[in-house]
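See below for the structure under consideration.
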Amino acid sequence: MDNKLKRNERIGAIVKVLCDRPNRIFTLGYFTELFNAAKSTISEDLVIVKKIMETMSFGRVETIAGAAGGVKYIPVVVPERRTKILEQIADKMRDPKRIIPGGFLYIGDLLYDPYFMKDVGEIFAEMFSYRGIDYVLTVETKGIPLAMMTANGLNCPLVVARNENRVTEGATISINYVSGSTGQIQTMYVSKNAIKPGSKVLIIDDFMRAGGTVLGLIDLVHELGSVVEGVGVLLETAEPANKMVSDYTALLTLDRVSREEIVVRLKQ
């Protein structure tokens, strides 16, 4: 950068860089080269950035020591903001116009809304940021945007298990599973090259009824020689109470859908 920036201009740019790539480590050298400034100057800038982010509850800026060290931004969703976000989503889900034939709930517009999914992705990213996640895994459904936003928050790749085998995927691993929604046996596929053996995987799904799909994803991770570090679900149904999986985190619970009423609440 030819023209030297003032401190307030550098701070604005640093915030932009860090927030665009959560959980990615940027070296001091990256910023000194970007701004043509001394390391001592950048260090002072980062102290100010860290204080601003913490004061405004926007997240945490952590400094990593050592030769490979630097600085990274970790999204933090304070309880009050988390409650507000989830209440906004739940309130939209309660609209009786969302009831579709068969007693189902239409939420596709919410799942493809970047405003909501970015916030929910940050919620999941914060929950699992200390698990050392290598990959986020989801199935080929409407939950892909949420999984992508979560992967962005964790600075790791997204892997999508497909509903059909594709030549472009190369050699694949397949798993048969029972769909909790239909009760039918289905198959999901993932490329053998998608997840390295020994990796830590976070499973993200938009909706869980009985948990059959998530159980299939868990089996798929094990077949790939990796470990499931967590399961995050946006919306679960209250019934059946006994899911096929027990170790998962749901944000919202759908208690019931009738002709005139949808009861959705924040998961306790």
Side-chain angles (χ1 to χ4, degrees), residues 75 77-128 136-151 153 160-161 163 177-186 188 202-218 230-268:
V77 183
V78 295
E80 294 82 6
R81 180 167 171 255
R82 171 179 168 171
T83 298
K84 182 178 179 181
I85 292 166
L86 296 179
E87 278 291 1
Q88 285 180 329
I89 296 174
D91 188 57
K92 287 185 174 293
M93 288 182 179
R94 295 180 185 118
D95 186 349
K97 295 179 181 179
R98 293 187 175 277
I99 301 173
I100 55 180
F104 293 102
L105 181 66
Y106 174 72
I107 58 173
D109 60 326
L110 300 177
L111 295 173
Y112 287 107
D113 188 322
Y115 172 79
F116 287 124
M117 291 305 100
K118 180 179 183 298
D119 285 340
V120 178
E122 287 188 353
I123 291 173
F124 280 134
E126 181 187 5
M127 283 182 175
F128 298 100
V136 170
L137 174 66
T138 193
V139 71
E140 193 174 24
T141 60
K142 293 187 291 293
I144 291 177
L146 171 56
M148 175 60 79
M149 292 300 187
T150 304
V160 178
N163 294 321
Y177 68 100
V178 179
S179 171
S181 299
T182 65
Q184 297 179 342
I185 296 178
Q186 299 181 7
M188 64 177 72
L202 171 64
I203 294 172
I204 294 292
D205 205 358
D206 61 301
F207 182 77
M208 178 191 288
R209 187 180 298 275
T213 300
V214 168
L215 182 59
L217 289 169
I218 292 173
V231 176
V233 178
L234 173 60
L235 178 66
E236 66 166 353
T237 57
E239 297 294 334
N242 295 322
K243 312 291 188 188
M244 295 182 186
V245 294
S246 58
D247 189 9
Y248 67 94
T249 299
L251 301 180
L252 299 170
T253 298
L254 177 63
D255 284 321
R256 66 179 181 275
V257 178
S258 64
R259 289 186 177 183
E260 299 178 350
E261 184 183 36
I262 299 169
V263 180
V264 180
R265 58 183 166 85
L266 274 62
K267 180 69 179 290
Q268 300 301 319

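Applying the salt bridge (charged side-chain N to carboxylate O under 4.0 Å, His left out) rule to Asp95 yields no partners; only residues at least two apart in sequence or on another chain are considered. In terms of the side chain to side chain donor-acceptor pair (under 3.5 Å) criterion, Glu87 has no residue partners (sequence neighbours excluded). Residues satisfying the side-chain contact (heavy atoms from CB on, under 4.5 Å) test with Ala125, not counting sequence neighbours, are Leu154. Met188 is linked by a side-chain contact (heavy atoms from CB on, under 4.5 Å) to Val139, Ala161, Ile175, Tyr177, Thr213, Leu217, Leu220, counting only residues two or more places apart in sequence or in another chain. With sequence neighbours excluded, the residues satisfying side chain to side chain donor-acceptor pair (under 3.5 Å) with Asp255 are Arg265. Under the side-chain contact (heavy atoms from CB on, under 4.5 Å) criterion, Val264 pairs with Ala90, Met93, Arg94, Leu235, Leu252, Leu254, Ile262, sequence neighbours left out. With sequence neighbours excluded, the residues satisfying side-chain contact (heavy atoms from CB on, under 4.5 Å) with Ile144 are Thr138, Leu158, Val160. For Arg82, the side chain to side chain donor-acceptor pair (under 3.5 Å) criterion is met by no residue, not counting sequence neighbours.
Summarising the geometry of Phe116 relative to Ile89, their closest heavy-atom pair is CD2-CG1, 3.6 Å, with the distance given to 0.1 Å. Across all non-hydrogen atoms, the minimal contact from Asn163 to Glu140 is N-OE1, 2.9 Å.
Atom CD of Glu122 sits about 9.0 Å away from atom CD of Glu126, to the nearest 0.5 Å. Rounded to the nearest 0.5 Å, atoms CD1 (Ile107) and CD1 (Ile100) are 10.0 Å apart. To the nearest 0.5 Å, atom CZ of residue Phe128 and atom OG1 of residue Thr150 are 9.0 Å apart. Here the CG atom belonging to Leu110 is positioned 8.5 Å from the CG atom belonging to Leu105, to the nearest 0.5 angstrom. Here Met117 contributes atom CE and Met149 contributes atom CE; the two are 9.0 Å apart, rounded to the nearest 0.5 Å.
Within 6.0 Å of CG on Asp247 lie no more than 12 heavy atoms contributed by other residues, nucleotides or ligands.
Checked against Leu86 for a side chain to side chain contact (heavy atoms under 4.5 Å, CB included), the options Ile123, Val77, Asp91, Asp119 give a single hit: Ile123. With Leu234 as the partner, the side chain to side chain contact (heavy atoms under 4.5 Å, CB included) test is satisfied by one option alone out of Asp205, Ile204, Leu111: Leu111.
At a threshold of 4.5 Å between non-hydrogen side-chain atoms, the residues Val178 and Gln184 do not count as touching. In this structure the side chain of Thr83 reaches within 4.5 angstrom of the side chain of Leu266, judged on heavy atoms.
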Starting from the C-alpha separation in whole Å, work towards a yes-or-no answer on salt bridge (charged side-chain N to carboxylate O under 4.0 Å, His left out) for Glu80 and Lys84.
CA-CA 6 Å; Glu80 294 82 6; Lys84 182 178 179 181; over 6 Å; no
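Pairs passing the side chain to side chain donor-acceptor pair (under 3.5 Å) check and including a residue from residues 230-242, sequence neighbours excluded, read Glu236-Tyr248, Glu236-Thr253, Glu236-Lys267, Thr237-Lys243. Applying the side chain to side chain donor-acceptor pair (under 3.5 Å) definition to pairs two or more places apart or across chains, those involving residues 101-117 are Arg98-Asp109.
Panel note: side chain Asp206, backbone Val233; no donor-acceptor pair is recorded below 3.5 Å.
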